[in-house]
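In listed order, ligands and their atoms are each counted from 1.
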Amino acid sequence: MKQICVVGVGYVGLVTAACFADLGNRVVALDVDENRVENLKKGIMPIYEPGLEELVKRNVKGGRLNFTTSYAEAMKGVEYVFIAVGTPSGVDGNADLQYVQSAATSIAQNMTMPLIIINKSTVPIGTGDWVADVVTAAQPKPVPFSVVSCPEFLREGSAIEDFMRPDRIVIGAKTQRAVDVMREMYAPLEAAGVPFVISNVESAEMIKYASNGFLATKISFINEVAELCERVGADVAVVARGMGLDHRIGPKFLQPGPGFGGSCFPKDTLAVAQIAEEHGMRFELFDAVLSVNERIKRRMIPKIEAALGGLAGRTVALLGLAFKGDTDDMRESPTIPIVHGLIERGARVRAFDPAAAQQARPLLPDAVVYCGDAYQAAQGADALVIATEWNQFRALELDRLAKLLTRPLIVDLRNLYEPARVAASGFRYVSVGRPEAGA
Ligand code: NAD
């Protein structure tokens with residue numbers, strides 16, 4: 001059993017804290033957001049993540065997990081601190097490190113014994129040394145510490161499974177002792193066969209950025225292939241399958257859609273491009289990946305417009321607002337520009353998302369009508385647009401929808417359905433990178 005502190009209880013921090021507690025450690029999770037911590041103490045989760053509430057409650061009840069806003073309280077007897085605060089894009093596209101700096105400063109001011117400071121936040125290469133400088137400068141008296149990079153690769157929507165069964169664990173450290181301690185902390189996962197990559201801090205930081213940049217590249221790539229498929233009469237689903245069976249390519253991340261969003265791919269790709277520029281290099285590929293993504297998001301508006309034969313005065317039932325299924329995260333969601341574009345062109349939007357409506361409200365025009373389910377959204381609408389791949393949207397009652405919509409039209413920006421099946425239910429079906437089906 002180890003005494004661990006996790007700083008920042010957002011998507012990464014809360015999952016990290018709950019999972020380490022579940023592995024038998026004593027974990028105190030700290031956040032500066034008092035409301036968040038108060039709610040967590042009452043068992044109210046700040047985010048939607050499948051299985052998280054149960055995991056948190058089980059470990060709180062077992063006395064292995066608790067929450068605080070006090071660094072002094074959190075740091076008592078702790079030898080390992082994870083930093084899991086946000087690193088959003090700053091004005092220049094660089095990762096904004098103000099939250100990391102403030103966390104590192106508070107840790108330094110409250111540490112009482114030798115410490116391993118583990119950075120889980122996604123940070124620019126060189127941040128490990130910078131955090132060490134921040135801590136050294138803020139310590140009231142010198143206490144030994146070591147900074148480790150252990151980037152997180154979990155995906156929202158399957159975060160617990162991803163934490164417990166990751167493809168790999170990356171540890172970037174300066175000393176063998178720090179490597180040994182990290183291996184010990186992750187021993188149950190190593191015993192389950194998870195491979196470890198041990199490197200210096202800089203390489204670990206680079207692995208995270210390069211991985212996210214590559215995944216974003218794959219998405220922009222297939223999105224452009226899909227666009228070309230539409231123009232030449234090919235079917236991107238068949239093309240992606242034909243490509244993905246090649247082991248050098250692989251089938252994952254070859255699903256086209258309305259562009260990538262979320263808190264990681266856009267900001268991390270932009271950050272690598274910025275880091276490259278600061279080092280006298282233009283990362284041309286990532287510049288292209290980002291501009292393609294912007295174009296793909298915007299392309300969805302004329303696509304819906306063309307399907308409807310104009311947007312002015314039309315009502316669109318929009319299914320899904322979050323940037324992906326199984327999360328309430330609206331950060332950089334492609335639905336934001338899509339909804340704004342639809343309304344600017346005179347459409348009315350009736351939206352339904354199983355979890356993200358509350359997060360969406362401040363980001364979308366006031367005119368959006370929020371509905372309780374897909375069928376309420378479809379009531380009197382001229383088209384059904386599927387924007388997020390929530391599983392419940394894969395099994396819609398098409399006959400029921402046909403009666404609620406003014407015309408049988410589905411625009412599926414996530415390719416959730418087999419076109420022939422939807423057409424057989426009497427719908428006209430427009431999807432991404434595949435030939436249109438139905439009347
Ligand atoms: P988040 O915004 O959900 O949570 C960050 C939390 O940190 C907030 O609750 C905030 O109040 C708290 N915080 C800010 N400053 C603090 C301070 N000084 N002391 C204590 N708490 C503080 O962020 P997130 O999505 O969990 O991302 C965290 C990091 O992990 C980012 O660097 C991100 O790029 C990376 N990451 C995110 C994901 C993901 O899917 N969300 C996946 C892998 C890596």
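- Backbone and side-chain nitrogen or oxygen atoms of Glu156 are examined, and one is located within less than 3.5 angstrom of a nitrogen or oxygen of ligand 1.
- For atom 5 (C) of ligand 1, the closest non-hydrogen atom of the protein is Gly86 N, 3.6 Å.
- Listed by first and then second residue, the salt bridge (charged side-chain N to carboxylate O under 4.0 Å, His left out) pairs involving residues 134-159 are Lys120-Glu152, Arg155-Asp162, Glu156-Arg331 (not counting sequence neighbours).
- Screening residues 240-252 for salt bridge (charged side-chain N to carboxylate O under 4.0 Å, His left out), with sequence neighbours left out, gives Asp246-Arg248.
- The nearest protein atom to atom 35 (C) of ligand 1, hydrogens excluded, is given as Thr122 OG1, 3.4 Å; this is a heavy-atom distance.
- Checking only distances, Asp31 does come within under 3.5 Å of ligand 1, N or O to N or O.
- Side-chain contact annotation: Ser220 with Arg295, donor-acceptor N/O pair under 3.5 Å absent.
- Here's the thing with Lys267: one of its N/O atoms is less than 3.5 angstrom from an N/O atom of ligand 1.
- The aromatic rings of Phe20 and Phe163 sit perpendicular to each other, their planes meeting at more than 60°, with 30° as the lower class boundary.
- The closest non-hydrogen atom to atom 19 (N) of ligand 1, taken over Phe265, Tyr99, Phe153, Tyr71, comes from Tyr71.
- For atom 23 (O) of ligand 1, the closest non-hydrogen atom on the protein side is Arg331 NH1, 3.8 Å.
- The aromatic rings of Tyr186 and Phe196 sit perpendicular, their planes meeting at an angle over 60°, well past the 30° parallel limit.
- The residue among Val100, Ile83, Val12, Val85 with a heavy atom at the shortest distance from atom 29 (C) of ligand 1 is Val85.
- The shortest N or O to N or O distance between Asp329 and ligand 1 is not below 3.5 Å.
- Contact check on Glu53 versus Lys57 returns a salt bridge, with a Lys/Arg side-chain nitrogen under 4.0 Å from an Asp/Glu carboxylate oxygen.
- With 3.5 Å as the limit, one finds a donor-acceptor pair spanning the side chains of Ser333 and Thr335.
- Salt-bridge formation is not detected for the pair Glu389/Arg394: no Lys NZ or Arg NE/NH1/NH2 atom is positioned less than 4.0 Å from an Asp or Glu carboxylate oxygen.
- Contacts between Arg36 and ligand 1, counted as non-hydrogen atom pairs separated by less than 4.0 Å, involve the side chain only.
- Ligand 1 has Lys208 within reach: a non-hydrogen atom of the residue lies less than 4.0 Å from it.
- Considering both main-chain and side-chain atoms, Ala84 never comes within under 3.5 Å of ligand 1 through any nitrogen or oxygen pair.
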